[in-house]
Amino acid sequence: MLEEVEHWLTRRSWSVADRPLDRLMVAKAARGTTVSVVLPALNEEETVGEIVSVIRRELMERVRLVDELVVVDSGSTDRTAAVAAAAGARVEHRDAILPRLPALPGKGEVLWRSLLVTNGDIVCFVDADLRRFSADFVSGIVGPLLTDQDMQFVKAMYDRPLHRPATERGPGQSGHGGQSGQGGHGGQGGRVTELVARPLLNLHWPRLAGFVQPLGGEYAARRSLLERLPFPVGYGVELGLLVDALHLAGLDALGQVDVGVRIHRHQDERALGRMAAAIYRTAQLRLSRAHLVRPELTQFERGENGFVPRTHAVDTEERPPVREIAEYTAGRAA
């Protein structure tokens, strides 16, 4: 690890307990900073309601840390939108945001469009599939941005165990499954991080090697930074934003906060393969801005007569910095 990164780890890695809520409220009031929380959601009716309820109760009613709570539905076929609205979120539908530009599939697309329907000086992204959600996920990563004007981009770090039903656990194992403080990949959690993202970052962007969860979906940033960043529309969005934030803001403006344990739904191996391909593609674009000859990934499934190839496009589209969108700049000027 670079000496610069070792120094960064001691200065820019914190615990959520380092900034109590009362301290955050004082800092927020002193500067008049506003905070938006965005949940990108696709068929998350089982979990989105509890996340929204916790944020509303703990961070909007007991204290006024969060000013705006928005769920952006990216085409759910279940009751995600209704559940989120009933729990107290404002629900925006992906296709209704910037309708002149047809929406592309992917999480990054939803995050990019969310900037057009939110107003906070700080924007905090939280995945909508988290279980046993704690408000610390929000207050922890928003905290450094409220108390330190030099901070621009903050990611959550956590243990990420492979959650298994009780009947599958061995003697003495807790409901959280195996846990590890080294990258949070207890059990089989964080496989794409450990097998793809971490090697890419260490080899090509070693100044980012200190991030425990570089692909984590919980992070907060200043709007003034986000509106200058291109957004990969698919699975590569987290790596893309992190790398581009480093180049625009510098390492010392980036940080991470330990918020405990993250439990969520795990993807199957084929989905992870597609995710890995998109992340690799995102990295490649940033290394060379070259085009792949064949940006597709072929995987195999067993059929009645043997293995059947299934080819998937690797989501390589990117949205430009949102400040280049006329509707965004017009809305901010209004």
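Excluded from the calculations below are hydrogen atoms, water molecules and symmetry mates; all remaining heavy atoms, backbone and side chain alike, are included. In this chain, residues are counted from 1 in sequence order.
The CD1 atom of I141 lies 9.5 Å from the OH atom of Y219; values are rounded to the nearest 0.5 Å. Here the straight-line distance linking atom CD1 of I122 with atom OG of S224 works out to 9.5 Å at 0.5 Å rounding. From S53, atom OG reaches atom CD of E58 across 10.5 Å, with rounding to the nearest 0.5 Å. With values rounded to the nearest 0.5 angstrom, R274 atom CZ is found 6.0 Å from Y235 atom OH. Here the CG atom belonging to L69 is positioned 11.5 Å from the OG1 atom belonging to T118, to the nearest 0.5 angstrom. Taking CG of D129 as the start and OG1 of T47 as the end, the distance is 6.0 Å to the nearest 0.5 Å.
In this structure the side chain of W112 reaches within 4.5 angstrom of the side chain of V322, judged on heavy atoms. In this structure the side chain of P99 never reaches within 4.5 angstrom of the side chain of E327, judged on heavy atoms. Side-chain contact between L248 and L229 is present, with heavy atoms from C-beta onward closer than 4.5 Å. Side chains of L130 and E218 form a contact here, defined as non-hydrogen atoms less than 4.5 Å apart. Between L201 and L239, some side-chain heavy-atom pair lies under the 4.5 Å cut-off. The shortest side-chain heavy-atom distance between R113 and R319 falls under the 4.5 Å cut-off. Side-chain contact between E44 and S76 is absent, with no heavy atoms from C-beta onward closer than 4.5 Å. Taking the side chain as every heavy atom from C-beta outward, T282 and L285 never approach each other to under 4.5 Å.
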Could you walk me through whether E238 and K155 satisfy the salt bridge (Lys or Arg N to Asp or Glu O under 4.0 Å) test, starting with their C-alpha distance in whole Å, then the side-chain angles of each, then the deciding distance to 0.1 Å, before giving a yes or no? CA-CA 10 Å; E238 271 80 32; K155 297 210 68 150; 5.8 Å; no
Decide yes or no on side chain to side chain contact (heavy atoms under 4.5 Å, CB included) for L208 and V243, but give the supporting numbers first. CA-CA 8 Å; L208 296 175; V243 168; 4.0 Å; yes
Assess the residue pair E318 and R281 against the criterion (salt bridge (Lys or Arg N to Asp or Glu O under 4.0 Å)); give the C-alpha distance rounded to whole Å, side-chain angles, the decisive distance to 0.1 Å, and a yes or no. CA-CA 11 Å; E318 295 195 3; R281 170 63 170 172; over 6 Å; no
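For the residue pair W8 and G255, the shortest heavy atom distance occurs at CZ2-CA, 3.9 Å. When all heavy atoms of L195 and P199 are compared, the closest pair comes out as O-CG, 3.7 Å. Scanning all heavy atoms of the two residues, the minimum distance from M151 to L254 falls at CE-C, 3.4 Å. Of all heavy-atom pairs spanning I279 and G236, the tightest one is CG1-CA, 4.3 Å. The two residues V196 and A276 have their closest heavy-atom pair at CG2-CB, 3.6 Å. Taking every heavy atom of both residues into account, P230 and L241 meet most closely at O-CD2, 3.7 Å.
Ring-plane geometry between F231 and F125 is classed as perpendicular, the angle between the planes exceeding 60 degrees on a 0 to 90 degree scale with a lower cut at 30.
Under the side chain to side chain contact (heavy atoms under 4.5 Å, CB included) test applied with V123, the options L145, L115, V70 reduce to a single match, L115. Shown are R228, R323, R332; of these, the side chain to side chain contact (heavy atoms under 4.5 Å, CB included) with R223 is made only by R332.
Checking side-chain atoms of E109 against main-chain N and O of L104 turns up a donor-acceptor pair under 3.5 Å. Proximity of a side-chain donor or acceptor of D73 to a complementary backbone N or O of H93 within less than 3.5 Å is not detected. A donor-acceptor pair is defined here as one N or O able to donate and one able to accept, closer than 3.5 Å; no such pair exists between the side chain of R262 and the backbone of M157. A donor-acceptor distance shorter than 3.5 angstrom exists from the side chain of N43 to the backbone of T77, with no hydrogens or angles considered. With hydrogens and angles disregarded, a donor-acceptor distance shorter than 3.5 Å links the side chain of Q256 to the backbone of G210. Not a single donor-acceptor pair under 3.5 Å links the side chain of D148 to the backbone N or O of P144. At least one donor-acceptor pair closer than 3.5 Å links the side chain of R12 to the backbone N or O of D252. Between the side chain of S13 and the main chain of T10, no donor-acceptor pair closer than 3.5 Å is present.
Here E227 pairs with nothing under the salt bridge (charged side-chain N to carboxylate O under 4.0 Å, His left out) rule; sequence neighbours left out. Residues that satisfy the side chain to side chain contact (heavy atoms under 4.5 Å, CB included) test with L65, not counting sequence neighbours, are L21, L24, M25, K28, L59, V63, S139, L146. Taking R19 as the reference, nothing meets the salt bridge (charged side-chain N to carboxylate O under 4.0 Å, His left out) condition, with sequence neighbours excluded. Contacts of E46 classified as side chain to side chain contact (heavy atoms under 4.5 Å, CB included), with partners at least two apart in sequence or in another chain: R131. E4 meets the side chain to side chain contact (heavy atoms under 4.5 Å, CB included) test with R207, L251; sequence neighbours excluded.
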For residues 35-42, tabulate all N or O donor-acceptor pairs below 3.5 Å that involve a side-chain atom, not counting sequence neighbours.
residue, atom, partner, partner atom, Å
S36, OG, E68, OE1, 2.5
S36, OG, G120, N, 2.8

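With hydrogens and angles left out, the side-chain atoms of D258 and S15 include no donor and acceptor closer than 3.5 Å.
R31 has no carboxylate O lying under 4.0 Å from a charged side-chain N of D121, or vice versa, which leaves the two without a salt bridge.
Hydrophobic clustering of Ile, Leu, Val, Met, Phe, Trp and Tyr side chains at less than 4.5 Å, counting indirect connections, keeps V26 apart from V16.
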